[in-house]
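Everything on this sheet refers to the single structure shown next.
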Amino acid sequence: MEYIIVLALLSIIFFCLGLSLGDVLMMLAVLLCAGIVFVGAFFLFSLVVLALSRKVTASFLKMNDEGRYPCAVYKVGDSELKNLFPSEMIMKDKLYVPEKEIKIRRCVLFNAALDKNAVMTIVVGSAVFIPLSAAVIFAMKWFFGF
């Protein structure tokens, strides 16, 4: 809701500055396209992180509620690894079972873990947003002549 109010206020300011409705809509379209491209770049980076990670056996230790988002903490040997992606909220009891041995991917770049939910998020997000980002870039090139 706050985003809509900010967009409305910015639109009013742009109208007061003499921009037309087409100019304001064009700026909103460019912002939307830039957001799609940034999300695609994030998933491309996540694919690189996934490719550089290796499989290890771990057990779920606890939920870490500190920081920006709650994430799972896994025990691998003597070290504790936080998951790079947020934890699932709906099926917590079934997905995060303490002391159960599972396979995760250990990210050596960030000394963190990628569980099955994170891997699925990366795979599905990459399959959707990387081609969408490429299509947006080609459309912007065709439309604006970049």
Side-chain angles (χ1 to χ4, degrees), residues 1-14 19 22-146:
M1 186 68 185
E2 295 86 17
Y3 296 115
I4 295 172
I5 294 171
V6 168
L7 285 175
L9 289 175
L10 285 175
S11 299
I12 291 170
I13 291 171
F14 289 145
L19 295 175
D23 293 335
V24 172
L25 291 176
M26 190 68 64
M27 284 191 286
L28 290 175
V30 168
L31 281 174
L32 179 66
C33 291
I36 291 171
V37 170
F38 283 130
V39 171
F42 165 75
F43 279 114
L44 187 64
F45 177 74
S46 296
L47 272 179
V48 171
V49 168
L50 182 62
L52 295 176
S53 64
R54 56 190 165 102
K55 267 189 182 175
V56 295
T57 303
S59 62
F60 174 73
L61 191 62
K62 62 182 177 179
M63 279 295 181
N64 184 4
D65 292 329
E66 299 171 4
R68 300 175 99 183
Y69 54 84
C71 64
V73 178
Y74 294 98
K75 184 175 176 106
V76 178
D78 293 334
S79 61
E80 294 181 5
L81 300 175
K82 287 176 35 175
N83 196 4
L84 283 178
F85 281 69
S87 62
E88 287 294 322
M89 294 295 148
I90 297 173
M91 297 174 45
K92 259 187 186 179
D93 297 335
K94 293 182 181 181
L95 293 174
Y96 305 110
V97 180
E99 304 299 325
K100 181 181 177 185
E101 295 284 322
I102 59 170
K103 295 283 188 187
I104 64 168
R105 301 200 58 101
R106 183 178 187 154
C107 174
V108 293
L109 292 175
F110 300 110
N111 196 25
L114 292 168
D115 60 6
K116 289 181 183 180
N117 297 325
V119 171
M120 287 302 293
T121 301
I122 292 171
V123 169
V124 172
S126 298
V128 171
F129 278 99
I130 291 175
L132 184 62
S133 296
V136 163
I137 290 171
F138 286 126
M140 295 288 284
K141 182 175 173 61
W142 175 78
F143 191 72
F144 290 115
F146 290 152

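- In this structure, the separation between CG on Asp65 and OG on Ser87 is 7.5 Å, given to the nearest 0.5 Å.
- Residues Phe85 and Met120 form no side-chain contact, since every pair of their non-hydrogen atoms from C-beta on lies 4.5 Å or further apart.
- Nearest heavy atoms, Ala112 versus Lys82: CB-O, 3.2 Å.
- Separation of atoms CZ (Phe60) and CD (Glu99) is listed at 10.5 Å; rounding is to 0.5 Å.
- Residues Asn117 and Tyr96 meet the side-chain proximity criterion, which asks for heavy atoms closer than 4.5 Å.
- Note: Thr121 OG1 to Leu84 CG = 11.5 Å, rounded to the nearest 0.5 Å.
- Between Leu114 and Ile122 there is a side-chain heavy-atom pair separated by less than 4.5 Å.
- Open room surrounds CD1 on Ile90; 12 or fewer heavy atoms of other groups in view lie less than 6.0 Å from it.
- For the pair Leu19/Met27, a side-chain contact is recorded, criterion being any heavy-atom separation below 4.5 Å from C-beta on.
- Counting heavy atoms from C-beta outward, Leu132 and Phe129 have side chains that approach closer than 4.5 Å.
- At least one side-chain heavy atom of Arg106 sits under 4.5 Å from a side-chain heavy atom of Asn111.
- Residue Leu95 holds its CG atom at 6.5 Å from CD of Glu88, rounded to the nearest 0.5 Å.
- Looking at Val56 and Tyr74, their side chains never come closer than 4.5 Å, going by heavy atoms from C-beta outward.
- For the residue pair Thr57/Lys103, the side-chain donor-acceptor check at 3.5 Å is satisfied.
- With values rounded to the nearest 0.5 angstrom, Asn83 atom CG is found 7.5 Å from Tyr69 atom OH.
- Between Gly40 and Ser133, the shortest heavy-atom distance links the atoms CA-OG, 3.3 Å.
- Within 6.0 Å of CD on Glu66 lie no more than 12 heavy atoms contributed by other residues, nucleotides or ligands.
- To the nearest 0.5 Å, atom CG of residue Leu109 and atom CZ of residue Phe45 are 6.5 Å apart.
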